[in-house]
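Just so it is clear: chains get the letters A, B, ... in the order the sequence lines come, proteins before strands, and each one is counted from 1. Only this structure's heavy atoms are used, side chains among them; waters, hydrogens and symmetry mates stay out.
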Amino acid sequence: MSVTVEHLTRRFPGGSHPAAEDVSFHAPAGAVTALLGPSGSGKTTVLRAIAGLEEADAGRVSICGEDCTRMPPQRRGVGFVFQGYALFEHLTVRGNVGFGLRVRGVSRKERDARVDELLELVQLQGYGERYPSQLSGGQRQRVAFARALATRPRVLLLDEPFAALDTRVRVELRAWLRELHEQTHVTTLLVTHDQEEALELAQQVVVMHEGRVRQVGTSLEVYDRPATPFVASFIGNANVLRGHVQGGRAALGGLTLDAPGGAPDGARVHAFVRPHEVRIARAVEEPSGAHAVISALTRVGDSVKLSLQLAGRDTLMVHMAHAELEALGLTQGERVAVGIRNARLFVEEHAG
Amino acid sequence: MSGAATRRVPSAVREPAWVRVLLIGVAVAFLGLLVVVPLVAVFREALSRGPAAWLDAVRDEETLSAIRLTLLTACVSVTANGVFGVTAAWLIARYDFVGKGVLSALIDLPFSVSPVLSGLIFVLLFGRQGLLGPWLSAHDVRIIFAVPGVVLATTFVTFPFVAKEVLPLMQSQGSQEEEAALTLGASGWQVFLGVTLPKVKWGLLYGVILCNARAMGEFGAVSVVSGHVRGLTNTVPLHVEILYNEYNFAGAFAVASLLSLLALVTLGVKKVAERRQGGRT
């Protein structure tokens, strides 16, 4: 039940850029694939094209190896969950969940049994006779999931399914969706702008930006080995340091790191350093390294966020455990030695 | 709608008591003079010679014929405009097409044109000296000064009501539910009957009620095309005028009281539809 998208392009009338341009990826059967990107990156357009709600100007969409590009949405066998629930307000929960079975002419008895089964799956037994307006946001979205799953779709398509919910409910439903997927193993495509959601739920992540695919990989791959500066800055928080190559080393505002292989002298480089990849020590203990001043210090629960002012103008955001900071005995305004445990460097394309 | 109307005004923006009393007094006096007094007068005059006389006036053969024609006209025009109104609203709300702006502007046209003019348009089109007149008389089809003319003129005058009620509803609700139904396997027709229509049903009912009230009460356009043939092309409003011109005041007001009753019933049903619609959104 895999989904393959090949060279998909979609232009909207009046739009200066295509909403999706030459998008290709493969979503393996039984897995969760996240389409991750900022708003306007074309991820929803791609999802709607897979569902048949949006026409493709060019390219192909195949579900289970079958070319569906010109197939009407009714015959694609997909379940779609919208950000705004899109429940039928005039029908009860049972009516909503059973809608797809009813329009397919499934007998009442069979339908009732399947609806019961689904209400149990989404933990809404006893809510069958209620109307959507009598449910909370989280309950409504679970009804929408049940409705989409009722017809046993080949693929489940989720368009920002948790974006309209409170943080607490969102985290709960995320865990619930994980469990649901472990039970059903339906091939799932999840559109989200929330990288945490993508990294937590998806086995594969497709990072999109400005209508194009920037990287396809497992959640660890896109996090640890971003393919482009955009992916590096979009996935996870990162400090961006700018500098240039000198004798095989990248000089970045007082810090030096190994330059990327093959970078010529004088090439401009960007380094992406995650806040937890910065190591600090008391300046007196490491007098030779790069130094910085702690310009701000905020405690958030049992971790600490530090703002370091480097010798140049650059500022480094650092996250560390509060206990670790206490062991070092550092306070605001003190000089510290800075080391970088890990960083991703990119050579700017038009160097010099 | 009704929720907002009953909300209490915070004291800081509330007017002093005497201003409120004055404003309410002016509004009540105005309404009383222009609406309540005439309405009471109609029923008083209609029943001035007792209920038996009222019943006689209503059961008069010509009155009954006028009532039948009015019911037939309302039936045809409300059905036609219901179908047209929902279709037009659906097209405008869902699709982009050439001439969409023109269509939405045209829907309002009957409201901005004097009903007399609407009637004259049909005379110019279908009358003996009209554009299609020679062809029609050659085929022995009578439209002007006959029932089809009355129905046509009424339908024209009342066609905005349903479209104008349903269109804003469809536009504000968007089409996500329809898309959900499509992915669930519903055909276009199933989506329309099972999702789109239920979403707008109270607005549709509201439009149908207004359309019906106007169809039964229309005077100007119908007066031009009807020819006032007693027992044949007279609708209830036209019949009231004829009786009045013949100094048959009791009869005129008896028939007029029927139209007033219709207005009161319409008002009641409209309130219910409004409340239901307000409660859903």
Does CD in Gln123(A) sit with more than 12 non-hydrogen atoms of other residues, nucleotides or ligands closer than 6.0 Å? yes

Do other residues, nucleotides or ligands put more than 12 heavy atoms under 6.0 Å from Lys100(B) NZ? yes

Within 6.0 angstrom of Lys199(B) NZ, more than 12 heavy atoms from elsewhere: yes

Which atom of Leu184(B) lies closest to which atom of Thr151(A), heavy atoms considered: O-CG2, 4.2 Å

Interface residue of largest heavy-atom contact number with chain B, from Arg76(A), Arg102(A), Arg104(A), under 4.5 Å: Arg104(A)

Looking at every non-hydrogen atom in both residues, tell me the closest pair between Thr183(B) and Ala51(A) and how far apart they are. CG2-CB, 4.4 Å

Would you give the length of the straight line joining atom CD of Glu177(B) to atom CD of Glu89(A), rounded to the nearest 0.5 angstrom? 6.5 Å

Side chain, backbone, both or neither: which part of Leu87(A) has an atom under 4.5 Å from a heavy atom of chain B? backbone

When every non-hydrogen atom of His90(A) is compared with those of Gly194(B), the smallest separation belongs to NE2-O, 2.8 Å

Taking all non-hydrogen atoms of both residues into account, name the closest pair between Gln74(A) and Gly188(B) and its distance. NE2-N, 4.2 Å

Top of Phe80(A), Tyr85(A), Phe88(A), Phe99(A) for chain B proximity - count of heavy-atom pairs under 4.5 angstrom: Phe88(A)

Tell me whether Tyr127(A) at atom OH has more than 12 heavy atoms from other residues, nucleotides or ligands lying less than 6.0 Å away. no

Enclosure of Gln125(A) CD (heavy-atom neighbours >12, cutoff 6.0 Å): yes

Search all heavy atoms of Ala180(B) against all heavy atoms of Arg147(A) and return the closest pair with its distance. CB-NH2, 3.4 Å

Heavy-atom check, side chain of Arg48(A) versus side chain of Glu179(B), under 4.5 Å: yes

Surrounding CZ of Phe97(B) (heavy atoms of other residues, nucleotides or ligands, distance under 6.0 Å), is the total greater than 12? yes

